[in-house]
Every structure is written in C-alpha cells, then in structure tokens.
Amino acid sequence: MINYKDASLDKVSAHFIGNKANGDELLLSKIVLNLYDDKLKDILKKFFLPQFATEGLYAFDYPGGDFKQNLIYNLAEKLFDRRNDFQEYAIKIAKHLFEVTSQPEIKPGDLFIAQISDLCIDDEIVDAIGIFKSENKKTFLKLDNDLGDFSLYYDHGIGIEKIDKGCLIFETEKDSGYRVCIVDKATKAADAFFWKEIFLQVKPCSDEYHQTKEFLDIAKDYVTTTLTEEFEMNKTEQIDILNRSLDYFKTHDNFDKTDFETEVFKEPDMIKSFQKFDETYRESKPVIIEENFAISPKAVRKQAKIFKSVLKLDNNFDIYIHGNKNLIQQGVEKDGRRYYKIYYEREV
C-alpha cells in the first residue's frame, strides 16, 4: 500500500497541454509554483495521491525491450539525480506530452509535475516523481460578504476530488525500469491506451496481481468468444464455465495451469482448444504469465466485476446464475415459446 501521510511536496510545476491535432497551444510556466503555505500543500497532496495503490505496478518499457531508451524514464532519472534542475526537466515532460497528443479525441488539460519525498510504499520510504493531468473543469460559486451585503460570483476551475490521469514514478528498482503506479479515469479505449502506451510506455510488472489479472482476462476472452464458436452449448453452460473459472481463483491460494484447465474445462478437446487460444493470446500481447503463481485476492475481486453471470431473456427477465447449472433447465413449448425451469429449496 501507499502511505502519503508523512510525504512532502517539495516542488510542483504547472503547464497547460493543448491538443496538437486540434490546433491547441502548449503553455509552459517559467518557474515552479509558489506553495505558499502548508494548507495549500495539504490540499494538493489530497488531490494528487489518494487514488494510487500498489496493486498493478508497472515498469518503463520501450520497443525492442531496452527501457533505457524510454524518454520519460530518462527524464525521471534526471529529476532524481539533478533536483536543482527540476523545472528544466519538468518542462521537457510537458513538451513530450504535447508532442504525442496527436489524436483528436485526447482532451486538453492542466499538467502538474511534482517532486515528492518520503512516500511510504510497502513499508519502504522512497522519493517519487508525480505526473498529474486534470482534463475536466468544474463550475463553482463564491459568496462574498462586503460590509453586510452579499455578492455571488461564479468561475470555472479544477475540481480537487480526483485527478483524471496520473502516474507516480518511485525511486526504486531503477535497473529494471523503476516502479510506476498509474491512475487513468478514461472511459474510451483509445484514451486509456494513449496515457499508458504512448506517453508513458510502460509494461506490467510480473507480480502476482498482474499474473492473476492477465490470466483471468485470457479465460474470460476464451469463454465468451472462441468457446462458443467451437463447441455447441447454451448460455447457461457458458455461464457455468465462466463461474468455474472465477471460482478456481477464489478457492485457491496458488495457481497451477494444468489443474485450472482440468477443473474448469474438464474435456480434453476443450482443454486443447483453450491451450491454443492461450498461446495465440500471449503471442499477440506483451504479457508474461507463469505456469504457477500465487493468486492475488485483490485482482480476483476486481476482475469478478467483469465476469457476467447474467442470463438475459428478451427485455423481460434477467437471471443471475452463481452456482449449479443443473438447477436450471431449458425447454420449448408446443407453441414454440422457449422457457427455463429453475429448481430451488428456499427463498432468501
């Protein structure tokens, strides 16, 4: 976990990053922000840091695998080593973000680069570089009382509830690409891809969180696509296999690929089909998953949200199937209407 209670914001640089593709400007500040009191620093800490968690850490990457060619890695290294030149390298980060903002759908926004000391990550005290982008302005009201008369004003500004995009670069494990934590509130795939893959160029660390998440993604993709194309089965059978996939991770502390395939898919032909899909999936994406690894409960809880166990019937009924598929049977009436028969012992 990340504990920022005793962390210090030493320097903060602010810039405006327009969308180059839409003809917007890049506005750079010449000097760092004046963090004039402790209250302002505390507000900024609560704006920048609470959303980050150590589950799902990343490391810098680069095409061909030489992360030392990654521009943000190099600028972070300079920021850690030459702290008196903070503004010079913060401006270079802003210029790089502007140069790669070449897709029309990427929103413009305010960029903050921060020098942070004494962050606690998994019981280790480290320094960090923070890169934070706020893309959405909010309207706020200000009520002034001048000699007994009230005046009401409105303005647009940055909402401090959450950042839209951010990363923390921890000064640890430099020789393997540093450790990087990411926040991205993007809802569109292209937007999310931009921050992680184009601007930062990072890859998942091969830890238990990413191992668990990636394999659950593979299992879900297989069951919802290839499985139903290659094997004849109804929706309840497909949901049953999805449930078995998730249940394996919920009921085991350690993952074993052979055991998983036997428990979930059972039939030899289905196992071979999944193995082929798994191999193709790994070749098409830069993921490294071991045959055996410790299961991350936090990754399981997060992925459980996307494992849909809902049987939708026209626009009239949704049936949630969580357990034994033998308790639900499908049939067809003489007049052609289809039905499901459900068995249960008691209402809860």
Side-chain angles (χ1 to χ4, degrees), residues 1-2 50-58 122 162 181-189 192-193 196 203-228 231 233-266 270-271 273-275 277-278 281-282 285 287-313 317-328 340 342 344 347-348:
M1 62 175 293
I2 298 173
Q51 298 172 73
F52 290 95
T54 54
E55 295 82 34
L57 290 174
Y58 293 82
D122 294 334
K162 63 180 182 178
C181 194
I182 294 176
V183 166
D184 192 351
K185 302 300 181 185
T187 55
K188 295 181 179 180
F193 180 85
K196 185 170 67 175
K203 65 178 180 181
C205 294
S206 186
D207 56 19
E208 63 184 44
Y209 182 90
H210 276 294
Q211 297 261 340
T212 303
K213 177 184 178 299
E214 291 291 349
F215 199 88
L216 278 167
D217 280 341
I218 292 173
K220 175 181 173 292
D221 285 356
Y222 172 73
V223 174
T224 56
T225 57
T226 303
L227 178 66
T228 54
F231 299 91
M233 61 176 59
N234 58 37
K235 187 70 173 180
T236 57
E237 291 170 323
Q238 181 193 31
I239 290 174
D240 182 56
I241 295 175
L242 273 178
N243 286 337
R244 291 206 302 264
S245 300
L246 190 60
D247 287 343
Y248 178 92
F249 282 85
K250 288 181 176 180
T251 57
H252 292 72
D253 295 326
N254 294 283
F255 173 83
D256 180 277
K257 188 169 182 288
T258 301
D259 288 346
F260 172 85
E261 292 168 348
T262 302
E263 289 189 28
V264 173
F265 300 114
K266 299 181 179 180
M270 199 176 293
I271 291 173
S273 171
F274 173 74
Q275 290 172 342
F277 178 89
D278 178 32
Y281 185 99
R282 298 186 197 212
K285 296 189 177 183
V287 296
I288 300 174
I289 306 175
E290 306 294 336
E291 299 289 298
N292 300 272
F293 55 82
I295 290 173
S296 165
K298 290 184 179 179
V300 174
R301 287 194 294 271
K302 183 174 182 179
Q303 292 300 94
K305 298 175 183 178
I306 64 171
F307 272 67
K308 303 297 184 183
S309 57
V310 184
L311 182 64
K312 293 184 176 293
L313 307 177
F317 303 102
D318 289 346
I319 301 176
Y320 289 80
I321 303 173
H322 302 294
N324 188 352
K325 71 178 180 64
N326 294 323
L327 298 178
I328 181 169
Y340 279 98
I342 300 172
Y344 68 96
E347 293 183 7
V348 293

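Remember, it's a predicted structure, so these values are computed and weren't measured experimentally. Numbering of residues begins at 1 and proceeds along the displayed sequence.
The two atoms that bring F52 and C181 nearest to each other are CE2-O, 3.5 Å, heavy atoms only. T224 and T228 get closest at one heavy-atom pair: O-OG1, 4.2 Å. The shortest heavy-atom contact between L216 and S245 is CD2-O, 4.4 Å. Here the shortest heavy-atom pairing between I241 and F265 reads CG2-CE2, 3.9 Å.
Ring planes of H210 and Y58: perpendicular class, angle over 60° (limits at 30 and 60°). Aromatic ring pairs are classed by plane angle as parallel below 30°, tilted from 30° to 60° and perpendicular above 60°; the pair H252 and Y248 is parallel. Ring orientation note: the planes of F255 and F293 are close to parallel, at an angle under 30° on the 30°/60° scale.
Between the NZ atom of K213 and the CG atom of D207 there is a distance of 11.5 Å, given to the nearest 0.5 Å. Note that the CD1 atom of I218 and the CD1 atom of I289 stand 3.5 Å from one another [nearest 0.5 Å]. Taken from NZ in K220 to OG1 in T225, the straight-line distance is 9.0 Å, to the nearest 0.5 Å. Once rounded to the nearest 0.5 Å, the distance linking CD1 of I182 with CD of Q51 reads 13.5 Å. Between the OG1 atom in T251 and the CD atom in E263 there is a gap of 7.0 Å [rounded to 0.5 Å]. Between the CZ atom of F215 and the CD atom of E291 there is a distance of 8.0 Å, given to the nearest 0.5 Å.
Under a 3.5 Å cut-off, the side chain of T212 and the backbone N or O of S296 do form a donor-acceptor pair. Formation of a donor-acceptor pair under 3.5 Å by the T226 side chain with backbone atoms of Y222 is not found in this model. A donor-acceptor pair under 3.5 Å is absent between the side-chain atoms of E290 and the main chain of Q211, judged by distance alone.
Annotation: K257, atom NZ; neighbour count of heavy atoms from other residues, nucleotides and ligands within 6.0 Å is above 12. Within 6.0 Å of the CG atom in N254, the count of heavy atoms belonging to other residues, nucleotides or ligands exceeds 12.
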Set out, in order, the CA-CA distance, both residues' side-chain angles and the distance that settles side-chain contact (heavy atoms from CB on, under 4.5 Å) for D221 and F277, then state yes or no. CA-CA 9 Å; D221 285 356; F277 178 89; 3.8 Å; yes
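Side-chain atoms of Y281 and E214, non-hydrogen and from C-beta on, do get closer than 4.5 Å to each other.
A donor-acceptor pair shorter than 3.5 Å can be found between the side chains of E261 and Q275.
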